[in-house]
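Below you'll find the structure, written out as C-alpha cells, and then a few comments.
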Amino acid sequence: MASTRRLRRVVASQPGFINLKSTSAATNVVSSRRKRLNKNKKKNWNKHSDINDVEEFLEDVRHQERTTGGLLSEKPDDSLFFLDTGQSQKVTEPVKGKKRKGKESRPLRIDLILQHDSLVPPPKDVLAYQQPNAKKLRRIAQKAEQLAAKGVVFRREKQLLNRRPVSKTAKKAATEANNNPDREYYDIWGQEAKSSADPWFLQQTGKKLVKRPERMNVKPSVLPAVEVIAPGGSYNPDFFSHQELLQEAHEVEVKKKKEEDRIERQLAVNKEETATEETTLREQVEGLEEEESEEGEAAANEEECVAVGAITLAAKKTERQRKREKAEKIKEQQRVADRRKVEERQQLFQLRSIKAAIRQQDQRTVTRQKRRKAQQEAEKALPRRLGKLKFQPQDLEVQLSDELSGSLRQLKPEGSVLKDRFKSLQKRNLIEPRERAKFKRRYKLKYTEKRAFKEIT
C-alpha cells in the first residue's frame, strides 16, 4: 500500500499530468484509504453500495408521472408544445353587485392541499375483481355449457322444471271449529291423504318425511296372520280328513312319549352299578400287597433302569458319515423334485379328465346352491330363534270320533282365542317365545296364632 501511494504522488507531480479536481481533492483521494469490503454478503452490499443515481432517476420518473401523467419522452409533440399566435385580449365581464378592491379571490390553502393534483391514475382494486373459487366455478360453468349443448339436463334443473306452479290466488282453508255439526268426520281407518305440497319445497323446508327403509317393508314370515284349520277340524268333517287329522295328532303324542321315555332312561338308576357287600369289600382290600413282592419289583426296576441307561448312549458320528447323510438327503430332494416335474408333464395328457372333473364339480356346486336356496325358502315359513327359549307349537285341537256333533249347537268349545293369537305372533317371528313369570316370595310366610283363636282353644 505504501508503494502504491508513493507511485501516485510521483505521477501527480509530473508536469504533463492533468488534474480534473482541485489539488486538495486530489491529495485527499490519494491520501484516503480504500476499504476492503466483501460484497458477496447482502448486508455489506446494501450498506456500502452507492445507489444515489438510481434513486434520482426513479424520483425523476415519479415526478414526471405526477405532473404530466407519464414520461415526457413518450409524450407526443402536440401535448408538449403549442403554437403561439399572439396575446389574446381577455374580455372582462362586469360583475353585478359590490366590487371588491384588490386581488381576485383565490381558494384557501387548506383546499389546495387536499385537492388531488397528481395525474397518476389510482391503482386498480384487485380484490374487487377477485372471486373465491373462480377457477373451479369457471370449470363447472364450461362443463355445464358442454352438457347443455349435448342436451343433458341436471337433476336439480329437472326438479325445478317439474315443480307445479303455485297459484297465488289460492287461500288457506280456514280450520273449522270442533263444535260445528256440519263439519266432515275424520275416518281413522281410512288411508292417509297424500300431501299435495311440492316435494322439492318439503325437502328444502325440512318437512319431508324420512323414507322408510326397504327392509321394514319385508314381512318376517310368509305365514298368514290367521291359518285355516285342516278340513278334519270341522264340526261335521269328512271321515278320511278326520282320520288324517287324528293320525297327525297321534304322531305328535308319540313323539312326546318318546322324548319322555328317553329322559326317564337317562335318569333311571342302573342296578348293576349299585354297591353290594362284595364290591365294598373288594374296594377296601384293593391296594394291599405283600412286602416281598414289592421288594422284588423294586430290584427288577433298578436292573431295567441300568439297562435302559446303557442303551441310550450312542457313538459320535464321524465326518465321513455326516457327508454321506448330507449327500443322501440332497439326492432324495432331487428325486422328489424330478417326480413332481414328471407329474406336471403327465397332467398335460390328462386335460380331458381334468375338464370332466371340473364340470362335475360345477354341477355339484349348482346343485348345492339350489338345495340351499330351497332350504332358505322353506325356513321362511318356520319360526326363528329370537330368544333363549325355543318355540313350542300349540297342541292340535281335535275331537275324537265319539265326540263329534252333527250341529253347531251341540259343539263343544276347545282351546282359547287369546292363546291362539299369542302363539301365532310367536310363529310369525313378531315376538320372541316367552314363558309365564314365576312368582317368588321375597320373605317366607310366618304363621301366628291370634288372641281370639287362643281363647277358643
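This structure is a prediction, so every number in the text was calculated from the model and none was measured. Because only heavy atoms are used, hydrogens play no part in the values below, and waters and symmetry mates are left out as well, while side chains stay in.
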When you check the gap from the basic side-chain N to the acidic O, do [X] and [Y] get nearer than 4.0 Å?
X	Y	result
Glu278	Arg282	yes
Glu59	Arg62	yes
Arg262	Glu260	no
Glu259	Lys256	no
Glu227	Lys427	yes
Arg322	Glu319	yes

Would you confirm whether [X], through its side chain, and [Y], through its main-chain N or O, come within 3.5 Å as a donor-acceptor pair?
X	Y	value
Thr279	Ala275	no
Arg368	Arg371	no
Arg155	Glu157	no
Ser353	Gln350	yes
Ser241	Asp238	yes
Ser79	Lys75	no
His250	Val252	no
Asn46	Lys42	yes
Thr280	Thr276	yes

Requested in this report: Step through the shown structure and confirm whether more than 12 heavy atoms of other residues, nucleotides or ligands are within 6.0 Å of CG on Asp77.
Outcome: no

**Report entry** Lys207 NZ/CZ over Phe201 ring centroid, <6.0 Å and within 45° of normal
**Finding:**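 Geometry flag: not set, cation outside 6.0 Å or 45°.
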
Query - Inter-residue atom distance Lys412.NZ - Leu404.CG, 0.5 Å rounding - result: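 With rounding to 0.5 Å, NZ (Lys412) is 12.0 Å from CG (Leu404).
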
Report summary line: With Arg340 as partner, the option from Asp338, Val336, Val342 fulfilling side chain to side chain contact (heavy atoms under 4.5 Å, CB included) is Val336

Query - Under the side chain to side chain contact (heavy atoms under 4.5 Å, CB included) test, residues paired with Leu408 that sit two or more places apart - result: Tyr235, Leu411

**Report entry** pair Lys423-Pro393: side-chain heavy atoms closer than 4.5 Å
**Finding:** no

Report task. Side-chain contact test, heavy atoms from C-beta onward, threshold under 4.5 Å: evaluate it for Glu377 versus Glu379 and give yes or no. Result ->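 Of all side-chain heavy-atom pairs linking Glu379 with Glu377, none is under 4.5 Å.
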
Requested in this report: Begin with the C-alpha distance, continue with both residues' side-chain angles, and end with the deciding distance and a verdict on salt bridge (charged side-chain N to carboxylate O under 4.0 Å, His left out) for Arg434 and Glu432.
Outcome: CA-CA 6 Å; Arg434 304 172 185 176; Glu432 70 279 5; 3.2 Å; yes

